[in-house]
Amino acid sequence: CETFFVQPLGEAGPEDGPPKFKPARVVVPGESCPECGGRIRLAGPCYAGPLHDAAFVQRCLDACEDEDDLPGVKSWRKITGMLTAISEEHHDIMLYYKLPALC
C-alpha cells in the first residue's frame, strides 16, 4: 500500500514577530491502514516545507528578460529554463519519492 500520513515535528509562528516554536500535535491514523488494512510503517523525518520562495523566483525570471542588466552572463536560456521549471513545480505535492518505498 502506498498510503502515507505526514506528521510535522513542530510548529513555528507567528510570522510578524519573533519566532515561537511549539511541539507538534500528534495525529494518530490508527493501528491499521485505512486503505488496505495492513500495518502502518513509520519513516522520517523528512522536510515538508516550501523548497523556494515563489516571489523571489519570479523576480529572478523578470531580471532574466533584460540580458543587458548583467553583462558577462552567457547562459540566460539555461537560467531562464531552470527558473521556469522551479516556478511550475506543484506546491501541494509532498514528496518526490514514494514514502512506503523508503520504509
Side-chain angles (χ1 to χ4, degrees):
C1 176
E2 297 187 5
T3 302
F4 67 90
F5 300 93
V6 177
Q7 172 66 52
L9 293 175
E11 297 176 7
E15 294 184 13
D16 58 346
K20 295 181 181 179
F21 300 99
K22 301 180 215 174
R25 295 181 205 129
V26 178
V27 178
V28 180
E31 293 182 13
S32 61
C33 174
E35 296 289 325
C36 69
R39 209 174 68 135
I40 292 182
R41 294 181 263 173
L42 299 176
C46 53
Y47 182 72
L51 297 178
H52 59 271
D53 181 10
F56 176 74
V57 173
Q58 187 57 50
R59 286 195 311 265
C60 291
L61 276 169
D62 294 341
C64 287
E65 290 178 4
D66 190 11
E67 297 178 8
D68 297 330
D69 285 348
L70 295 172
V73 177
K74 302 293 183 196
S75 54
W76 286 106
R77 278 191 262 163
K78 289 181 183 178
I79 294 170
T80 303
M82 180 64 75
L83 290 170
T84 302
I86 289 171
S87 69
E88 293 174 352
E89 287 181 354
H90 293 280
H91 300 285
D92 57 348
I93 296 178
M94 187 61 64
L95 300 170
Y96 173 75
Y97 296 102
K98 295 179 181 177
L99 190 61
L102 298 176
C103 296

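These numbers were taken from a predicted model, which means no experiment stands behind them.
Evaluation of the side-chain hydrogen bond (donor to acceptor under 3.5 Å, both in side chains) rule for D53 yields no partner, not counting sequence neighbours. Legend: residues meeting side-chain hydrogen bond (donor to acceptor under 3.5 Å, both in side chains) with E11, ordered by chain and number and at least two apart, are absent. Every side-chain contact (heavy atoms from CB on, under 4.5 Å) that E35 has, sequence neighbours left out, goes to C1, T3, C33. Shown here are the side-chain contact (heavy atoms from CB on, under 4.5 Å) partners of D16, two or more places apart in sequence or in another chain: P14. E89 meets the salt bridge (Lys or Arg N to Asp or Glu O under 4.0 Å) test with no other residue; sequence neighbours excluded.
Residues S32 and G37 come closest through the heavy atom pair CB-O, 3.6 Å.
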Which pairs would a plain distance check flag for residues 73-87, meaning a side-chain donor or acceptor within less than 3.5 Å of a matching protein atom at least two apart in sequence or in another chain?
{"residue": "W76", "atom": "NE1", "partner": "V73", "partner atom": "O", "Å": "2.9"}
{"residue": "T80", "atom": "OG1", "partner": "W76", "partner atom": "O", "Å": "2.8"}
{"residue": "T84", "atom": "OG1", "partner": "T80", "partner atom": "O", "Å": "2.7"}
{"residue": "S87", "atom": "OG", "partner": "L83", "partner atom": "O", "Å": "3.4"}
{"residue": "S87", "atom": "OG", "partner": "T84", "partner atom": "O", "Å": "2.8"}

